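In this chain, residues are counted from 1 in sequence order. Model, not experiment: these values are computed from the prediction. Note that ligands are numbered from 1 as they come in the structure, with each ligand's atoms numbered from 1 the same way.
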Amino acid sequence: MSVSAPRKVRFAPSPTGRLHIGNIRTALYNWLYAHQAGGGQFLLRLDDTDAERSREEFAEGIREDLRWLGLNWDREARQSERISRYQEIVAKLKQQGRLYPCYETAEELERKRKRLAARGKPPIYDRAGLFLTEAEKRALEAEGRKPHWRFLLDNFTDDPRQIERRDICWTDLVRGEQRVDIGSLSDPVLIRADGSYLYTLPSVVDDIDFGITDIIRGEDHVANTAVQIDLFAALGAEAPNFGHHNLLTGADGQALSKRLGALAVASFRERGFEPLAVVSHAATIGTSDPVAPFSDMAALAANFSFAKLSRAPARFDEKELAAVNARLLHELPYEAVEARLAEIGVAPERAAAFWEAVRPNLHVFEDVKPWWDIVRGAFAPVIEDRDFVATAAQLLPPEPWDEQTWAVWTAAIKAQTGRKGKALFRPLRLALTGREQGPELKKLLPLIGREKAHARLAGQSSKDEIAKAV
Ligand code: GLU
């Protein structure tokens, strides 16, 4: 299949929790791959066969997280709604003799494994269930035992007791040539004794029915792939492509699992990170590209390539995400934030110049608020050097003001007072903004305007504005 043909991919989370930085990457790679060429489709599949742990609130939370990230999906499917389809397939597999009942308890299986280990043998299931007679099965069921069902792997010629080496090979989109001997694996359980499905069978059936062309997921699933390929074959289907991406560790190289709450999409959102910063960061960590913001999803999709993914674990460092977020804001054009600035009350006639002035100082978008308060005068000026700033007030040039005004004004102050450098600029900045640092004053000054600048230098803040801001 040519890679330029439209891709059909799926992101298949279990709704047992919210999305976090680890699974954002899986969702994102799928989305980017689908959108790289025209006509691709991205399916959201909720793997909710575990009725006990799956919750509607998590399903809704996952949708909300994906929407916020900009990872819209073309279709949604839920495994819990497809049980009758899985039952059809189960009937087919039983008929083919590829699904057989087993009656061992967990303790009995554990004892078998120990016995094998004592003889230095790998812990492979002995297929005892496969050789039970009907009478033996009835007797076990009369004891109250319920069977679980195993898939008979295609790793023998005639006699299932004579297991042979049988390599299953695939060309992984990320890892290249892969080879797993299914002669070294136990027949996997597909259905539990309580009748519920493990993930393998529903996943393969869905991938066939939905025409999935590529399965893109974390490396932790590599071990499942050979079994799944065997199941695709048993169901007469061609297996899709597989791509297993590297997993994340913390900045310290340790697994992320313990701190996932803080690494949830929802928590990034609460902390004011831009969705585009989160996806840009997720798309570039653990790749040969520099970790950097992208201007939009189309640019990310155009840049995406499995060849760039590293095989080593990718490190997640929140400081790096914060830096990407800040850089994104610094590069964001006014048009992209016009509506958000209006929402927080930035005057439309000054909004573009205001954005231009403050964006290099932002870490998160919310930081614009105090700067807007400063522009409109809702803060207390700090007067450090009363006589000096009073002199400066008298030297304020007449309006209209522009970006040259600051240079003209400070040259006049320097000429009159002989001050320069920090001694000149610091008292002015403190009086005009109440802060020691901030956006360039040549940009802020025209936004503040002569009347307010004069009042601040004279130590009078605009009481009305302060009252409004409280
Ligand atoms: N529900 C599985 C998971 O979340 C899906 C794995 C797959 O993509 O096949 O790990």
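In terms of the ring-ring contact (aromatic ring centres under 6.0 Å, His included) criterion, residue partners of Tyr86 (sequence neighbours excluded) are, by chain and number, Tyr197. Checked against ring-ring contact (aromatic ring centres under 6.0 Å, His included), Trp372 has the following partners two or more places apart in sequence or in another chain: Phe354.
Ring-plane geometry between Phe42 and Phe11 is classed as parallel, the angle between the planes falling under 30 degrees on a 0 to 90 degree scale with a further cut at 60. Using bins of under 30°, 30° to 60° and over 60° for the plane-to-plane angle, the ring pair Phe365/Trp355 lands in the tilted bin.
Annotation: side chain to side chain donor-acceptor pair (under 3.5 Å) contacts involving residues 309-333, sequence neighbours excluded, comprise Arg271-Glu318.
For the residue pair Asp373 / Trp371, no side-chain donor-acceptor distance below 3.5 Å is found, with atom types taken as modelled.
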Could you give the N/O to N/O pairs under 3.5 Å linking ligand 1 and the protein, each with its distance?
| unit_1 | atom_1 | unit_2 | atom_2 | d |
| --- | --- | --- | --- | --- |
| ligand 1 | 1 (N) | Ala12 | O | 2.8 |
| ligand 1 | 1 (N) | Asp47 | OD2 | 2.6 |
| ligand 1 | 4 (O) | Ala12 | O | 3.3 |
| ligand 1 | 8 (O) | Arg10 | NH1 | 2.7 |
| ligand 1 | 9 (O) | Arg10 | NH2 | 2.9 |
| ligand 1 | 9 (O) | Tyr199 | OH | 2.5 |
| ligand 1 | 9 (O) | Arg217 | NH1 | 2.8 |
| ligand 1 | 10 (O) | His221 | NE2 | 2.7 |

